[in-house]
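When reading the values below, keep in mind they use all heavy atoms of this one structure, side chains included, and skip hydrogens, waters and symmetry mates.
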Amino acid sequence: MHSLSGYSIYESSIQSRGDTQYFLVRNLESGEKSLAIMGESGSFDVKQQTANGAAICPLNSHNLVELTKIFTWLAPVPLGLKASAGFGDRLGIATPGHILAAEGMGFAPVFAQQSVRENARTGRTPRQVLEDAAWGVFEGGWTLPWGADADHLKTTNDLESFAQAGYTFFTIDPGEHVDNAAQDDDTEILVKKVATLPWEWLQSSPAQAYNTYLEKTTRLGNTSIHFTEHELLRAMAKYGKAVVHSYRMQQHLLKVMDGKPFDLEISVDETDLPTSVQEHYYISSELKRLGVVWTSMAPRFIGRFEKGVDYIGDLQAFEKDLEAHALVLNAFGTYKLSLHSGSDKFSVYRLVTEKVFGKVHLKTAGTSYLEALRVLAQTSPALFRQILQLGIDRYPIDMASYHVSARLEKVAAPGQLQDVELPLLLDQFDARQVLHVTYGSALAKFGQEILSALRANEELYYQVLKQHFRKHLEPLVYQS
């Protein structure tokens, strides 16, 4: 490999085709990253030529398209039923660190993962998220399959931009179509609600549903699924419209993708009440009857899967609930169990491994941002103090769309802490959640400063991410 005056070379990125070498470089003065080509640069956009003949090319959309024609593994693909993990990256620079964590662990990674809500708060487009991940894949030298998840899609309009950008994994969130009030309705009210379900879209009728589910026992391992009339009515009233919405979203997605394969996830985790095992069975049975093919499902478990912290609740009760859900999952045998808000749930990972036998998708998002803040707390304490104060100020507003329970009175004010104490806030429950959900406000005000500080300490950031995510993945490795 030639050395390039004024540039450092990312050795992990070096790839060859014939006599031409392609690799990522970083300008030692500006810190800007570029694609370097030693040999034929063809139709690439070239910014400059170095004295020893290297073409320096910007990391733009055109050059990524051209590079992907040569190295097809730079494009995401569907991952199917292989154990997988989603690495949400709200900053667009974390993928090389995620690669270090994923290497050798046996998980299919989802390196591009963002929801409509996250894009709105970070000011990034689906295409930008995907391109940032792809360049990170090239930098880190990852040549195995990887995915791109359009997370928590609620409308058909949400699908369009993600599909056009090249995403291969689509998470449907029908939570707004779940009738949580049905949980406590009496039978008379439930009958009326069921009668008004969109039966033409369900391609069924109340009589047919009764015939399919009522007073029948389905054995699932050491447990069974049995519906009384009231239980069936409650499941239909609660989730019938959500099933229809998921079906309609899938039908629209089939048209938009125009024959291209994709992974589909059904997510009912962001609802007010836990998904019972009966309801899980009903949702899966109805989706299957309608011809929906999905790769993973995220039920709402008992207890609390809050942002950025460990599981909150009775672990013995969770284990019992998880085991029953796993039996439904294994009975169908066609999809994985998805853990949403799955980061930092260290107390449940072993249980998940024991119950679902590797049929798992772990979904994380804000924890990579929190680890970025850990790096800032160590290397840029003044900036971190500003982010912390902004988080304290913005938490009452920004928390509104998240399941969190942090209390501001338990978060130390920036002026109360010595510099050496700042990193400890990233291990404190309330501070983690405050910093987690106020990321949009922090990026809007300090985005460039955050990125500059992290780029100046990128190797530390990558290593911090590796250590953090290995703690997630290692207990989820299934040994058959």
Side-chain angles (χ1 to χ4, degrees), residues 78-87 101-102 105-110 113 145 147 149 151 169 171-172 218-225 246 263-271 274-285 287-288 292-305 310-365 469-480:
L79 302 175
L81 296 182
K82 184 176 177 60
S84 53
F87 299 91
M105 297 302 295
F107 285 83
V110 177
Q113 175 195 290
D149 180 6
D151 196 15
F169 185 133
T171 299
I172 306 304
T218 302
R219 294 297 304 175
L220 301 174
N222 59 2
T223 190
S224 61
I225 299 293
S246 299
D263 291 322
L264 182 70
E265 177 164 295
I266 308 299
S267 166
V268 292
D269 69 298
E270 291 197 357
T271 53
T275 311
S276 73
V277 176
Q278 290 171 312
E279 291 161 350
H280 181 171
Y281 180 80
Y282 168 77
I283 294 167
S284 294
S285 296
L287 290 173
K288 181 179 179 181
V292 177
V293 177
W294 70 102
T295 307
S296 48
M297 180 179 290
R300 165 79 151 80
F301 290 105
I302 63 170
R304 302 195 329 253
F305 274 63
D310 206 342
Y311 173 76
I312 302 170
D314 184 330
L315 276 175
Q316 288 186 325
F318 172 78
E319 181 177 7
K320 184 177 180 181
D321 186 52
L322 172 66
E323 183 174 8
H325 281 289
L327 289 171
V328 177
L329 172 91
N330 292 324
F332 283 89
T334 55
Y335 61 95
K336 299 177 287 190
L337 192 70
S338 186
L339 299 179
H340 280 217
S341 299
S343 65
D344 309 291
K345 305 300 182 289
F346 301 111
S347 63
V348 308
Y349 295 148
R350 288 289 181 195
L351 293 176
V352 171
T353 302
E354 293 170 4
K355 303 304 179 185
V356 303
F357 313 121
K359 298 176 183 176
V360 64
H361 176 63
L362 175 68
K363 186 166 294 197
T364 75
F469 278 104
R470 283 293 175 103
K471 288 172 59 181
H472 289 73
L473 298 180
E474 286 172 353
L476 284 167
V477 173
Y478 174 66
Q479 303 291 344
S480 57

Subject >> salt bridge (Lys or Arg N to Asp or Glu O under 4.0 Å) partners for K363, two or more places apart >> reply: D149, D151, E265

**OP:** Scan Y349, F87, F346 and name whichever one has a ring-ring contact (aromatic ring centres under 6.0 Å, His included) with F469.
**Re:** F87

Subject >> With sequence neighbours excluded, residues passing salt bridge (Lys or Arg N to Asp or Glu O under 4.0 Å) with D321 >> reply: none

Subject >> Main-chain N/O of A85 paired to T364 side chain as donor or acceptor, under 3.5 Å >> reply: no

Original post:
Closest approach of Y335 and S296, non-hydrogen atoms and distance?
Top reply: CB-N, 3.9 Å

**OP:** Return yes if some donor-acceptor pair links the side-chain N/O of K336 with the main-chain N/O of G80 below 3.5 Å, else return no.
**Re:** yes

Original post:
What residues form a ring pair (Phe, Tyr, Trp, His ring centres under 6.0 Å) with Y281, not counting sequence neighbours?
Top reply: F332

Original post:
Do you see a donor-acceptor pair shorter than 3.5 Å between the side chains of T275 and H280?
Top reply: no

Original post:
Closest heavy-atom contact between L476 and L362?
Top reply: CD1-CD2, 3.8 Å

**OP:** For residues P109 and P145, report the shortest heavy-atom separation together with the two atoms involved.
**Re:** CD-O, 3.6 Å

Original post:
Are the side chains of L315 and V348 in touch, meaning some heavy atoms are under 4.5 Å apart?
Top reply: yes

Original post:
How many angstroms lie between NE2 in H325 and CG in L327, if you round to the nearest 0.5 Å?
Top reply: 10.5 Å

**OP:** Return the set of residues passing side-chain contact (heavy atoms from CB on, under 4.5 Å) with F357 (not counting sequence neighbours), or none when no residue passes.
**Re:** N330, Y478

**OP:** Heavy atoms only: give me the nearest S84-L79 pair and the separation to one decimal.
**Re:** CB-CD1, 4.5 Å

**OP:** Answer yes or no: is there a side-chain heavy-atom contact under 4.5 Å between K345 and V352?
**Re:** no

Original post:
Considering residues at least two apart in sequence or located in another chain, which fulfil the ring pair (Phe, Tyr, Trp, His ring centres under 6.0 Å) criterion with F107?
Top reply: none

Subject >> Residues which pass side-chain hydrogen bond (donor to acceptor under 3.5 Å, both in side chains) with S246, listed by chain and number, not counting sequence neighbours >> reply: none

Subject >> Pairing residues for A317 by the side-chain contact (heavy atoms from CB on, under 4.5 Å) criterion, not counting sequence neighbours >> reply: I302, D314

Original post:
With sequence neighbours left out, what residues match S224 under side-chain hydrogen bond (donor to acceptor under 3.5 Å, both in side chains)?
Top reply: none

**OP:** Before giving the answer on side chain to side chain contact (heavy atoms under 4.5 Å, CB included), spell out for L81 and K359 the whole-Å C-alpha distance, their side-chain angles and the decisive distance to 0.1 Å.
**Re:** CA-CA 7 Å; L81 296 182; K359 298 176 183 176; over 6 Å; no

**OP:** Check whether any side-chain heavy atom of H361 sits under 4.5 Å from a side-chain heavy atom of V110, and report yes or no.
**Re:** yes

Subject >> Non-neighbouring partners of R304 that pass salt bridge (Lys or Arg N to Asp or Glu O under 4.0 Å), sequence neighbours left out >> reply: E306

Original post:
Within a strict 4.5 Å, meaning less than it, do heavy atoms of the K471 and D344 side chains meet?
Top reply: no

Subject >> side-chain hydrogen bond (donor to acceptor under 3.5 Å, both in side chains) partners of S276, counting only residues at least two apart >> reply: E279

Original post:
What are the two closest heavy atoms between G106 and K82, and how far apart are they?
Top reply: O-NZ, 3.3 Å

**OP:** With sequence neighbours excluded, tell me which residues meet side-chain contact (heavy atoms from CB on, under 4.5 Å) with A365.
**Re:** R90, Q113, E118

Original post:
Can you tell which of L337, L264, I283, D269 makes a side chain to side chain contact (heavy atoms under 4.5 Å, CB included) with M297?
Top reply: I283

Original post:
Partners of F305 by ring pair (Phe, Tyr, Trp, His ring centres under 6.0 Å), sequence neighbours excluded?
Top reply: F301, Y311, F318

**OP:** Could you give me the CA-CA distance, side-chain angles and deciding distance for E354 and E323, then say whether side chain to side chain contact (heavy atoms under 4.5 Å, CB included) is met?
**Re:** CA-CA 9 Å; E354 293 170 4; E323 183 174 8; over 6 Å; no

**OP:** State, to 0.1 Å, how close H340 and S267 come at their nearest heavy-atom pair, and which atoms those are.
**Re:** CE1-OG, 3.3 Å

Original post:
Does the pair I225 and V277 meet the rule for a side chain to side chain contact (heavy atoms under 4.5 Å, CB included), with working shown?
Top reply: CA-CA 8 Å; I225 299 293; V277 176; 3.5 Å; yes

